[in-house]
There are 2 protein chains.
Amino acid sequence: MTISEVSQKYNLTQDTIRYYEKIGLLPKVPRSKNGIRNFDDEACRWIEFIKCMRNAGMEIEILIKYVDLFKQGENTVKERRQLLEEQKSKLLEKQKSINETMDRLNYKIKLYD
Amino acid sequence: MTISEVSQKYNLTQDTIRYYEKIGLLPKVPRSKNGIRNFDDEACRWIEFIKCMRNAGMEIEILIKYVDLFKQGENTVKERRQLLEEQKSKLLEKQKSINETMDRLNYKIKLYD
DNA sequence: TATTGACTTAGAGCAAACTCTAGGTGTTAT
DNA sequence: ATAACACCTAGAGTTTGCTCTAAGTCAATA
């Protein structure tokens with residue numbers, strides 16, 4: 001797949017995708033001989049994963065670290081698992097914040113009726 | 001209450017509190033004769049409200065608009081209500097995103113076991 | 001009385017995450 | 001063959017939301 005196809009499929013700009021690769025968030029997108037990116041299934045799965053994590057507000061720096069550990073191979077499995085656990089508890093915190101805000105919003109909206 | 005007390009109570013820096021007032025996020029903090037802020041109950045409730053909304057990721061610009069409508073008085077009640085409804089649906093979206101990411105994280109963590 | 005400390009302001013600086021610009025290459029359509 | 005188009009890069013610019021700096025006022029304390 002070309003970058004424009006991937007861009008449409010995942011609703012990310014081409015600039016964003018190139019940026020993600022440049023900073024090491026996206027590992028090894030294969031290229032055709034003339035240097036043009038040719039996204040295979042693995043590259044697409046990475047994009048989907050990153051998009052999902054970013055949608056939940058996970059920091060790019062953390063994701064870069066995860067990708068980095070992944071690149072280092074099997075001996076980083078434990079570290080990767082821990083990273084994900086940490087992010088999970090951050091997400092739980094975020095959920096809590098949002099729930100509080102939800103309650104408050106619902107209360108306020110009720111008052112306006 | 002002085003700004004340092006409010007800062008401690010709500011765990012916001014003094015700079016942030018002053019910034020919020022400067023940009024119109026925080027309405028009318030009363031001042032003593034020499035110009036020093038003297039937070040009353042209403043100012044504190046605003047701070048708490050803003051902090052709660054910001055914790056959930058609500059944009060400052062939106063909150064400024066809300067405060068602005070509030071300042072304009074009772075004839076903006078309908079508009080304020082609508083603004084809150086809009087933010088509520090944004091929060092619902094965010095909850096959905098986070099839930100998706102949660103599922104994915106849990107799945108991945110399970111794989112690492 | 002002098003200095004310490006809490007407050008004030010305007011405005012500059014900073015970090016994160018893009019987003020845009022300029023200039024270049026390579027393939028395809030007329 | 002020349003123009004159009006999709007791609008490429010490096011690097012500058014933008015937005016959001018603070019955070020810091022410099023310079024000043026005022027009250028209290030050594």
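Heavy atoms only: backbone and side chains are in, while hydrogens, waters and symmetry mates are out. In the text below, chain A, chain B and the rest are named by the order of the sequence lines, each starting its count at 1. The shown structure was predicted, so the numbers you read here are calculated from the model rather than taken from an experiment.
When heavy atoms are screened at a 4.0 angstrom cut-off, A/I3 is found touching the sugar-phosphate backbone but no base atom.
Each of A/E79, A/E85, A/E86 was checked for a side chain to side chain donor-acceptor pair (under 3.5 Å) with A/Q82, and the lone residue meeting it is A/E86.
Regarding A/N38, its CG atom lies at a distance of 14 Å from the P atom of C/dT27, rounded to whole Å. Atom pair A/I17:CD1 and D/dT9:P shows a separation of 13 Å (rounding to whole Å applied). Straight-line distance from the NZ atom of A/K33 to the C1' atom of D/dC7: 13 Å, rounded to whole Å. Rounded to a whole Å, the OH atom of B/Y19 is 15 Å from the P atom of C/dA12. Protein atom CG of B/L26 is 16 Å distant from nucleotide atom P of D/dG17, rounded to whole Å. One atom, CG of A/L25, and another, P of C/dA16, lie 14 Å apart when rounded to the nearest Å. Counting to the nearest Å, the P atom of D/dT16 and the CD atom of B/E61 are 6 Å from each other. The CD-C1' distance, from A/E59 to C/dC18, rounds to 15 Å in whole Å.
Nearest to the side-chain atoms of B/R31 among the listed nucleotides C/dT9, D/dC7, D/dG17 stands C/dT9.
A close approach under 4.0 Å does occur between a side-chain nitrogen or oxygen of A/N34 and OP1 or OP2 of C/dT27. The phosphate of C/dC18 has neither OP1 nor OP2 within less than 4.0 Å of any side-chain N or O from A/T13. Side-chain nitrogen and oxygen atoms of A/Y20 include at least one within less than 4.0 Å of the OP1 or OP2 phosphate oxygen of C/dC18. Between B/R37 and C/dC7 there is no side-chain polar atom (N or O) within less than 4.0 angstrom of OP1 or OP2. Contact annotation: B/R18 side-chain N/O to D/dC20 OP1/OP2 distance is not under 4.0 Å. Put simply, A/T16 has a side-chain N or O that comes within less than 4.0 Å of OP1 or OP2 on C/dT19. Residue B/T2 has no polar side-chain atom (N or O) positioned under 4.0 Å from OP1 or OP2 of C/dA6.
Position along DNA chain C of the nearest nucleotide to B/S4 versus B/D15 favours B/S4 as the more 5'-ward residue.
Within 6.0 Å of the NZ atom in B/K71, the count of heavy atoms belonging to other residues, nucleotides or ligands exceeds 12.
A salt bridge does not link B/K65 with B/D68: none of the charged nitrogens is closer than 4.0 Å to a carboxylate oxygen.
Note that OG of B/S97 is 12.0 Å distant from CZ of A/R54, once rounded to the nearest 0.5 Å.
Below 30°, between 30° and 60°, or above 60°: for B/F49 and B/Y66 the angle between ring planes is between 30° and 60°, a tilted geometry.
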